[in-house]
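Have a look at the structure below before the remarks.
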Amino acid sequence: MSIDSAIAALAPHFGDRLSTADGVRDTFGRNEAWYPVTPPDAVVWPETTDEVALVAKTCNEHGCPIIAWGAGTSLEGHIVPVQGGITLSFDRMNQVLEVHDADMDAVVQPGVTRKQLNEELRASGLFFPIDPGADASIGGMAATRASGTCAVRYGTMRESIMALEVVLADGRIIRTGSRARKASNGYDLTKLFVGSEGTLGIITELTVRLHPQPEAVSAAVCGFETLEGAIDTVMQTIQMAIPVARIELVDQVAIKAINAYSGFEMQEGPHLFVEFHGSEQGVAEQAEIVGALCEENGGTGFEWATKQEDRTRLWSARHNFYYAVKQMFPGTTGYNTDACVPISRLQDCILESWEDQRDSGLNAVLIGHAGDGNFHLSYMIDPDNPEELSQAKTLADRLSARTIRMGGTVSGEHGIGIAKKKFMAEEHGEDAWQLMGEIKRTFDPAGILNPGKLVPGN
């Protein structure tokens, strides 16, 4: 029973769709975070659910770990094969299988990316609103329970997944949920797999909820003298139930980087990026109210962008902020973390975290989906500098502890991956975390699915 024997057993079935070449393995050993390159022992490209089931059954028999790979954009080391094994790449399972316009749902394979799906939906009048920034795969987004900039209005992947096809660790294929809009008929297995980070099963098909494209869309940008003023505006907007589609907080460091990288000329200070969806009249009313709130809280230069090309440029700049910051601090990578707190504690958590970072002397950038109480801190470090890495870990750990103390969660959207596993018992309680481990062992007795992640004793 070994990894080598599993690879040998699978090789005749996959031919050149199974690779043990060093260059290929290194590619699939990389990640978007600070973790060092950790190659799997082999990479397999399945094309059908039956092939995924064959890999799972074979690996289960030989005790070989399996790590599912979508687009490789996760930030917490979910895809790092910490115990070796086979990385299962879904590059070739990337088809939009069905679009049901009248029912506003679609059936897709896990390798379909969010941009690809929306491109195929363009003529239907529908769109898929979950936007984590990166062009992530839908399967990976479900596995990590992703959300992003539009979650304040449209929810997260938890609300967007209606049904799944899943391959279990022993090769069995199951279906969960249906295309019905609601159900009251047993355990909600769909929601159990969403957010399980590849530890319970391998998602091979998804039915996702779609939304009508809004009649009118308008974006706005506003600068502030202080972080407090920007955060107060966010809190008041949410508490007044203004149905913003996005409301993003961007600190002064990110603004400076965005200006240089994307050719903007925004005043260097905290900003809010806001987007409104609805009717022409509704969008205008929402923008007027938010504009007044901005002014009351020290905001200046509230500017609208109604043309699609202007909005696209604005949100592209927001999504590319990490690359902009890396350009501003050459030779660094981000130790990226996120936190999510009740909206009433957002200002306290952000300001305490910002003070903590400032006292450390590390360069950092703060940006967030503030309407959800969710924000991100990226500590920009030299990954080969042990002192800087240790300092970033300490700051991130203090942020996680602070978040739990304020009634929040250590991750609003990045997921747990590797570094935050140690906070699971503190956030959920030891008994609840141990129960998660028992669920894992029920679904995956041999512990082959993404081992070392999420649960105790794994």
Side-chain angles (χ1 to χ4, degrees), residues 75 131-134 148-150 152 218-235 237 244-276 287 290-291 293-305 309-330 332-339 346-347 349-351 353-358 360-381:
L75 293 170
D131 177 8
T149 60
C150 289
V152 66
S218 177
V221 180
C222 186
F224 290 81
E225 294 180 6
T226 65
L227 271 172
E228 292 93 329
I231 298 168
D232 283 342
T233 302
V234 172
M235 293 172 61
T237 298
V244 290
R246 318 190 211 206
I247 184 163
E248 297 287 293
L249 174 65
V250 185
D251 80 352
Q252 59 269 27
V253 181
I255 290 296
K256 183 177 181 180
I258 287 171
N259 282 344
Y261 187 82
S262 299
F264 281 79
E265 295 180 353
M266 290 180 281
Q267 175 186 345
E268 289 182 13
H271 276 64
L272 291 181
F273 290 13
V274 191
E275 189 166 273
F276 309 95
V290 173
L293 292 176
C294 289
E295 185 175 353
E296 290 174 9
N297 290 303
T300 58
F302 188 82
E303 296 182 6
W304 286 42
E309 56 268 32
D310 293 335
R311 298 197 313 271
T312 299
R313 181 170 177 256
L314 176 67
W315 290 112
S316 293
R318 157 61 182 90
H319 289 325
N320 288 330
F321 90 94
Y322 180 58
Y323 304 106
V325 173
K326 288 189 71 173
Q327 178 177 282
M328 190 164 70
F329 300 113
T332 67
T333 191
Y335 189 108
N336 304 300
T337 188
D338 81 309
L346 180 62
Q347 186 168 120
C349 195
I350 286 179
L351 294 181
S353 302
W354 193 242
E355 288 289 328
D356 201 17
Q357 174 273 324
R358 188 173 62 182
S360 75
L362 283 184
N363 291 312
V365 58
L366 186 148
I367 199 163
H369 318 311
D372 302 317
N374 182 204
F375 67 94
H376 308 267
L377 266 169
S378 295
Y379 305 104
M380 305 308 295
I381 62 169

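The first residue of the sequence shown is numbered 1, and numbering continues consecutively from there.
At a threshold of 4.5 Å between non-hydrogen side-chain atoms, the residues V365 and Y322 do not count as touching. At least one side-chain heavy atom of C294 sits under 4.5 Å from a side-chain heavy atom of F224. Residues F375 and L249 are not in side-chain contact: their nearest non-hydrogen atoms beyond the backbone lie 4.5 Å or more apart. Counting heavy atoms from C-beta outward, F276 and V244 have side chains that approach closer than 4.5 Å. L272 has its side chain within reach of T233: a pair of non-hydrogen atoms, C-beta onward, lies under 4.5 Å apart. Using a 4.5 Å cut-off on side-chain heavy atoms (C-beta onward), D232 and Q347 make contact. With contacts defined as side-chain heavy-atom distances shorter than 4.5 Å, the pair D251/W354 qualifies.
Formation of a donor-acceptor pair under 3.5 Å by the H271 side chain with backbone atoms of G269 is found in this model. Here the side chain of T312 pairs no donor or acceptor atom with the backbone of E309 at under 3.5 angstrom. Judged by distance alone, with hydrogens and angles left aside, the side-chain atoms of N374 form a donor-acceptor pair with the main-chain N or O of A339 at under 3.5 Å.
Heavy atoms of other residues, nucleotides or ligands lying less than 6.0 angstrom from OH of Y323 number 12 at most.
Smallest separation of non-hydrogen atoms from V250 and A254: CG1-CB, 3.4 Å. Taking both residues in full, the closest heavy atoms of M266 and V221 are given as SD-CG1, 3.9 Å, listed atom of the first, atom of the second, then distance.
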Step-by-step side chain to side chain contact (heavy atoms under 4.5 Å, CB included) determination, E296 to L293:
CA-CA 5 Å; E296 290 174 9; L293 292 176; 4.1 Å; yes

